[in-house]
Structures are given as C-alpha cells and as structure tokens.
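Letters A, B, ... mirror the listed sequences (proteins, then strands); counts begin at 1. Just so it is clear, the structure is predicted and the values come from calculations on it, not from any experiment.
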Amino acid sequence: AQSVAQPEDQVNVAEGNPLTVKCTYSVSGNPYLFWYVQYPNRGLQFLLKYITGDNLVKGSYGFEAEFNKSQTSFHLKKPSALVSDSALYFCAVRDTSHYGGSQGNLIFGKGTKLSVKP
Amino acid sequence: EAGVTQFPSHSVIEKGQTVTLRCDPISGHDNLYWYRRVMGKEIKFLLHFVKESKQDESGMPNNRFLAERTGGTYSTLKVQPAELEDSGVYFCASSQVQAGPMDTQYFGPGTRLTVL
C-alpha cells in the first residue's frame, strides 16, 4: 500500500536558522510528491511538487525540497526560517494504485507543526 | 482568477440532522476531489469527480454520505443523518484534467463540521 510518513509532530526552529521538515514515502511505481502548508484558520496552500527531473525542487515562499530515491525521502527545507513560516505542513503522494496515476487522489502524512520563534 | 471556494465555512448541527456542503472549483477544472480531516488525524480522500462523473468513490465512509456534481461545475456533499464521528474539516480540491502527471490539486479553505 502506498503511504507517506512525517516522523515529527512538531519542529521548533529559531528565526534565521535553517529548517527541515521530514517526509518519507512508500509507493509502487513513480512517485509524485507534494508539499502543502496550512496557516491558522486557512485552507491548504500548495508549496511545491516533484514529478520527475531535478532532485531539488524549488517552490513558493523560499521553500525547497530534496527528492532522494534511495532513501525514499522528500524533505522540505528553507535556508532561513521566518516567524511567518509557523504553520502546519503536509507531505503527500499521489495514489497511483487505482488507474493511470496522473490524476489520482493524494495520500497525506499526518502533518508537522512548524514553530519559528523570534 | 478565483480559487476553490467552499460554503459554509463552519456548520454546527445535532446528531441525526442533515448537512450539505458545497464546493465551487476553479473555473475550467474538470477534476474535483473531496477530502476530510477528522480529529487532527491525516487528511483522507473521500471521492473524485471528473466533470459530472464519479471517477473514484472508494474513500466514502458509508452510505450516509452522498456527493453530486450536476453539470460538472460545483459539487455538493450531503451527510444524512449526521453522526458524531462525522465531525471534522471537509476540504475540496480541483485540478485540470489536461495537465496529466503535472496536475496540482488546489484546495479550498475547508468546511468545519461539528456534530453535537
């Protein structure tokens, strides 16, 4: 079965320090991976995705993610954290088990709460 | 361009009552998905429309849930009768069919459903 794991419930970072939010995945076939962010009282906002190509994917708000096939990981990173980055972050993988795979639903991790302190 | 919109933003009902949630996808997006996040757990897939057709409804929890997308535009999700365990946040997302593997699902703000 396809799945996503976010091993940390919460990540605490000081403003200005680099941040990493971890994600590992398990899929059959090619992985299509996504990161979303949910700010308080808001919906999910798309950050970035990996479909194919370069292992380092750049996204919105200065975030990037590194795809590592051998470690089946897709960690989210940012060189310098801001207090405004504090939010709930979700990693997701497209479910390719039903059909075709390109437009299947997303399977989400349980989310990681990022807290950036001044 | 307007994003995905959902109505209402919050609904509080009593057990046994009926509630209907609405989702308006981004214009031109033929894919429409419903998801649910219950009690701080993972966001779980409910079902997927392509235009007005149900492509995949494997995530629907039981027959108390009925989703429709008449005319291939907006969608409704009806819960009848509602139970306590239905409480959670219901998200809608849409994407372009033509995008293929590159498609990104864009989410609405969600409807927070509280069943008392």
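- Within 6.0 Å of atom CG in D54(A), 12 or fewer heavy atoms from other residues, nucleotides or ligands are found, so the atom counts as exposed in its surroundings.
- Interface residue R37(B): only side-chain heavy atoms are found under 4.5 Å from chain A.
- Within the 4.5 angstrom heavy-atom criterion, only side-chain atoms of Q38(A), from C-beta onward, approach chain B.
- For K22(A), the NZ atom is loosely surrounded, since the number of other residues' heavy atoms within 6.0 Å does not exceed 12.
- The number of heavy atoms from other shown groups lying within 6.0 Å of NZ (K41(B)) does not exceed 12.
- Connection of F91(B) to Y33(B) is established within a shared hydrophobic cluster, with ILVMFWY side chains joined at heavy-atom distances below 4.5 Å, either directly or through further cluster members.
- The environment of E85(B) atom CD is dense: over 12 non-hydrogen atoms of other residues, nucleotides or ligands sit within 6.0 angstrom.
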Original post:
Hey, mind stepping through L44(A) and I43(B) against side-chain contact (heavy atoms from CB on, under 4.5 Å) and telling me if it holds?
Top reply: CA-CA 11 Å; L44(A) 293 168; I43(B) 300 169; 3.7 Å; yes

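- Here the closest heavy-atom approach between residue Q105(B) and residue Y36(A) is recorded as O-OH, 2.6 Å.
- By the criterion of side-chain heavy atoms lying less than 4.5 angstrom apart, applied directly or through intervening Ile, Leu, Val, Met, Phe, Trp or Tyr residues, Y61(A) is grouped together with L19(A) in one hydrophobic cluster.
- Surrounding CZ of F7(B) are at most 12 heavy atoms belonging to other residues, nucleotides or ligands under 6.0 Å away.
- Judged by distance alone, the side chain of Y35(B) and the main-chain N or O of L106(A) form a donor-acceptor pair under 3.5 Å.
- Atom CG in L47(A) sits 11.5 Å away from atom OG1 in T104(B) (nearest 0.5 Å).
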Subject >> V4(A) and E42(B): CA distance, side-chain angles, deciding distance, side-chain contact (heavy atoms from CB on, under 4.5 Å) verdict >> reply: CA-CA 10 Å; V4(A) 170; E42(B) 291 91 341; over 6 Å; no

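- One hydrophobic cluster, built from ILVMFWY side chains closer than 4.5 Å, holds both F65(B) and L84(B).
- Dense packing is recorded around CZ of R64(B), with more than 12 heavy atoms of other residues, nucleotides or ligands lying under 6.0 Å away.
- Taking 4.5 Å as the heavy-atom cut-off, the residues of residues 64-91 of chain A that approach chain B are L88(A), F90(A), ordered by number.
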